[in-house]
Structure formats: C-alpha cells, structure tokens
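We use all heavy atoms of the structure for the numbers below, so side chains are in, but hydrogens, waters and symmetry mates are not. Counting starts at 1 for both ligands and their atoms, following the listed order. Position 1 is the first residue of the sequence; numbering continues from there. This one's a predicted model, so the numbers in the text were calculated from it and none came from an experiment.
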Amino acid sequence: MSATSSASRNVPFIDLSPMHGPLKAAIVDDLTRLVDTGAFINGPEVAQFETDFAAYCSTTHCVGVASGLDALRLALLAGGIEPGDEVILPANTFAATIEAVVQARATPVLVDASVTDYNIDVDAATDAVSERTRFILPVHLYGQLADMRRLQAVCKASGIGLIEDACQAHGAMRDGLRAGAGGLAAAFSFYPAKNLGAFGDAGALVTNDSAFAARVRALREHGQLEKYRHEFEGYTARLDTVQAVVLLHKLPLLDSWNEARRAARAFYDEALEGVGDLIPPPTAPRSLPVWHLYVTRTHHRDALGDFLAARSISTGRHYPEPIHLSSAFSHLGYSEGTFPVSEALASELISLPIFPGITEQQMTLVAEGIRDFFEHG
Ligand SMILES: *Cc1c(COP(=O)(O)O)cnc(C)c1O
C-alpha cells in the first residue's frame, strides 16, 4: 500500500484544516497588520468581536476573556457569589465547570445527568435546591442545550440565578432559546477544537445585564473600572487581540460549520442504525444541537475504541471519569453509585470523529470499522 493511500485511510478525531484553509491568507494579512500597529491588548478587533458575538447569541453584551474557565469563574464572581454559597451543576461535565465553582470559593453541589439529553437532570437539580443555593449552572454538553425552559422556571420560583456553561454549544437552540440567552450570563470557550475556536486559548461571557457586564470587564483587567483605579481584586483574563482577529474571520462561518456537523451526525445515524448495541446521541424535542461531539453509547466502548485505533481511526471518551469520582474532587466526599447515569455514560460513551469538512469517505471508514467490530470483532 502506498504512503498516500494509507494516509487517506487514517481518520483523525478532529482536523481543523478544512475550516482554516480558505481563511488562512486573510487571517495572516490581518495578523501582519496587527504586528505593525502593536495593539495586542484591547485592540479594536476585541470590541468588534464582542459586538458581533453578542448579536450572534441574541444578547446585548459580550465580554471577551482569556478562556472558558475564566468566563465561568468571572460570571460567578460578578454574580456576587460568596464563600458558602452553593452552585448546582451536573456530574457529567468537563472539569472546568466545577473548577470555576471551587475557584470562586463556592460550594459545588453535583447532580446526575438525564438519559433524555445527557445534560443536568432538572428534577434532581430541583431537589438539590437549598437555602444556600445561589446559582444553577447547567452545561450544554456535546452541543445540545440543557432543558433551559424548565431550569428558568425552577430558578424563578426559588429566586436563584442561572448561569450557562455554553462552552460546547455555540449556536445551539432549544425551545426557541439560543445558547447563552437564557440566564443571567453564559460562558463560551474558544479553545481551538470548540465549534468556534481561536488559535490558542480564548473565551467570552454573554449577558443582557449591563451592570453585570461592566463588573466582568473590570474583573478581567485587575478590577479596574478605569486605568489604575482598582475597584476590587481582579485578574489578567482578557481576550487577546490576536485571538479576536481570528474569531472575527471565523464567526461568519459558524452556522455553516454547525450545519455540516448536523449533516455528519445524520450520516452516522443512518450508517450505524441497528449496529451492535449502539445508542446514538439523544436529541430532545424542539432541540437544534450543534454536535460538538458525536457520542454513541455501547457496553463495548473500550474494545471498540482499541479495534478502531488499530485501523488508524481515532475516537474519544468524553469523559472517562465522572467529576465526582476524580482524584481532584474526591475531597467532596461523593462515592461510587451516587450518580448512576453519569457513571454509566463515563464507561459507555465513545465519541466518533466529527468536524466541519469531514468527508463521507472518512465517515464510511468509521462506520465500516464499527460494523466489522460488531460482526467479526
Ligand atoms: C472547553 C470547556 C470549558 C472550558 O474551556 P477552556 O477554554 O478550556 O477554559 C468549560 N466547560 C466545558 C463543558 C468545556 O467543554
């Protein structure tokens, strides 16, 4: 077999080059201009991107920050969180969600995921509300919104706030609500592999509350409301101009990229229908996900992943260890068996390659590999 044909049989988990290829020359031009102007911090592109991304999310304000974790942490701080306040979040999430809560000196209260969307179980979240609950922090995992309409009702009835972890859901919708527009604030990550990715770490927070946005603006820049007047203790958590330049080029294409992810999802669903014990990713009613990940469920997850790896097909596991059983958060005292849905997902989900520009040939190789595993593996 020639080197070229063996390379073409290898399916990466993610390939950013189909997105970046057509944009590269224009981005490099703008970056060259930025080197000349030297406006690396708070350059005009930062404000321009904030305006555009707020409009994209149907919110009135966007504040660019340095990462998704910064967006979550600054949202909690700007929301007035105090030590001892409780924040309810799902056990099935990426570590950054709980890191933000702990770093804001609040107390995380984990609840299980729902099998209907793998997101926070709203009944469990409702039961977890106490006198000390300050926020519910749902995560729109894998690109699908949590049940925001029900969460809004729960928060309103109990007088608590709603902050969204929308780091995997840029552009997703559910029940007519857009990711980022359903609570006090929402956090986005522009880590390169996210649906909208920068050329490094970057993030943003969106909100409809102008006083809240002003507090976040101060927090991201050493607590300054104006230069060298420090209102409170802040951080170095700005969005770089370099990243804003990149994001401005990419944002206009985000909807078409999300559409390509939905088409890839449909392709896999059809190609894998009835294969083995696979359960495709669930879609809630009236939901328009953006499939950051295609997570399929099987009791043979690890063997399947190894089988595909032997054919140079990369897969992922999101996430192999539920938060409550990780060493980092063992001090919270949760034991195995506490969140059965999250624990089952952690051992059964396998993520298939999905990205804008993935070819039918690549997806066919993945699907054939999976069929072979279940038929002869
Ligand atoms: C990526 C991600 C984050 C944090 O993003 P960073 O930019 O890496 O800090 C937070 N929550 C979820 C669910 C994510 O996927």
(message) In terms of relative ring orientation, are Y334 and H324 parallel, tilted or perpendicular, with 30° and 60° separating the classes?
(response) perpendicular
(request) Using the test ring-ring contact (aromatic ring centres under 6.0 Å, His included), find all partners of H249 that sit at least two apart in sequence or belong to another chain. (result) none
(request) Taking the six-membered ring of Y56 (Phe, Tyr or Trp), confirm whether the NZ or CZ of R178 is under 6.0 Å from its centre and within 45° of its axis. (result) yes
(request) Decide yes or no for E99 and L72: does some side-chain heavy atom of the first lie under 4.5 Å from some side-chain heavy atom of the second? (result) no
Kindly print each ligand 1 N/O atom paired with any protein N/O atom under 3.5 angstrom away, one pair per line, or none if nothing qualifies.
{"from": "ligand 1", "atom 1": "5 (O)", "to": "S189", "atom 2": "OG", "distance (Å)": "3.3"}
{"from": "ligand 1", "atom 1": "7 (O)", "to": "G68", "atom 2": "N", "distance (Å)": "2.7"}
{"from": "ligand 1", "atom 1": "7 (O)", "to": "S189", "atom 2": "OG", "distance (Å)": "2.7"}
{"from": "ligand 1", "atom 1": "9 (O)", "to": "G68", "atom 2": "N", "distance (Å)": "3.3"}
{"from": "ligand 1", "atom 1": "9 (O)", "to": "L69", "atom 2": "N", "distance (Å)": "2.8"}
{"from": "ligand 1", "atom 1": "11 (N)", "to": "D165", "atom 2": "OD1", "distance (Å)": "3.3"}
{"from": "ligand 1", "atom 1": "11 (N)", "to": "D165", "atom 2": "OD2", "distance (Å)": "2.8"}
{"from": "ligand 1", "atom 1": "15 (O)", "to": "Q168", "atom 2": "NE2", "distance (Å)": "2.8"}
{"from": "ligand 1", "atom 1": "15 (O)", "to": "K194", "atom 2": "NZ", "distance (Å)": "3.0"}

(request) Sequence neighbours left out, what pairs pass side chain to side chain donor-acceptor pair (under 3.5 Å) with at least one residue falling in residues 197-213? (result) T60-N208
(request) List in chain and number order the residues that pass ring-ring contact (aromatic ring centres under 6.0 Å, His included) with F53, two or more places apart in sequence or in another chain; answer none if no residue qualifies. (result) F49, F188, F190
